[in-house]
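Working notes, beginning with the structure itself.
Sequence positions, counted from 1, serve as the residue numbers for this chain. We count ligands from 1, going down the list as the structure has it; atoms in each ligand are counted the same way.
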Amino acid sequence: MDYYSNQIRKLIDELSRLPGIGTKSAARLAFHLIHMPVPDVKRLAGTMVEARENVRYCKECCTLTDQDLCPICANADRDHKTIMVVENTRDLAAYEKTGKYEGVYHVLHGAISPMLGIGPGDIKLKELIARLEKEVDEVIVATNSSLEGETTAMYISKLIKPTGIKVSRIASGVPVGGDLEYIDEVTLLRALDGRTEL
Ligand code: ZN
């Protein structure tokens with residue numbers, strides 16, 4: 001890319017490190033940014049830095065939030081005795097979009113994957129177990145139907161069963177290996193309603 005000046009090349013390099021952005025898209029974005037008014041670029045950069053600095057884990061459910069407690073955990077009208085376990089914040093958003101789930105969530109930030117060397121200690125499982133000290137009626141495991149998601153579901157079930165708390169798994173019907181966030185709301189609700197005890 002010698003035909004680009006240093007600063008343009010640097011910008012393209014940085015942008016192409018983002019997921020899903022190849023060199024071509026990075027160049028297109030870079031030239032778009034260069035043609036934007038300076039105040040707009042500053043606002044965009046500022047928003048990115050602010051989000052990165054202020055977003056943290058909710059101290060209850062571990063979702064990403066800019067408060068101590070996320071809006072769902074802070075909402076007294078939610079059913080705090082039903083916890084749905086999801087792999088990431090985008091999966092939580094997928095269930096929230098249905099508007100039909102009244103419980104709270106627990107976000108693992110990943111799934112157990114022996115192949116990738118991701119063990120139980122690498123995801124937010126300790127935090128889930130700590131929550132079971134409070135009054136909990138049911139833990140709904142809504143990890144993906146991938147091998148990793150199923151492994152994680154089995155692990156959670158083994159961990160929770162001895163406590164006597166009900167553990168259930170969302171129905172399959174969610175396509176195998178499917179990311180929850182790409183599944184339509186009707187399918188998500190069907191999976192939730194058809195959940196079975198583990
Ligand atoms: Zn929360």
Discussion item. Ignoring waters, how many N, O or S atoms from the protein are under 2.8 Å from the Zn ion (ligand 1)?
Written reply: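 Considering protein N, O and S only, the Zn ion (ligand 1) has 4 within range.
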Practice prompt. Report yes if the side chains of T63 and I72 come closer than 4.5 Å at any heavy-atom pair, otherwise no.
Written response: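 Sidechains of I72 and T63: no contact.
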Discussion item. Can you confirm whether I170 sits close enough to Y95 that some side-chain heavy atom of one is under 4.5 Å from a side-chain heavy atom of the other?
Written reply: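 Answer yes - side chains close enough.
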Fill in: Those residues that, when tested against S113, pass side chain to side chain contact (heavy atoms under 4.5 Å, CB included) (two or more places apart)
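Expected list: M115, L116, I118, E148.
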Discussion item. So, using ring-ring contact (aromatic ring centres under 6.0 Å, His included) as the criterion, who are the partners of Y101 when residues are at least two apart?
Written reply: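 Applying ring-ring contact (aromatic ring centres under 6.0 Å, His included) to Y101 gives Y105.
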Fill in: ILVMFWY cluster membership beyond L147 - transitive side-chain contacts under 4.5 angstrom
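Traced through the cluster, L147 reaches no other member.
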Worksheet item: Looking at T89 and H109, what are the two nearest heavy atoms and their distance?
Response: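 Scanning both residues completely, I find the closest heavy atoms to be OG1-CE1, 4.0 Å.
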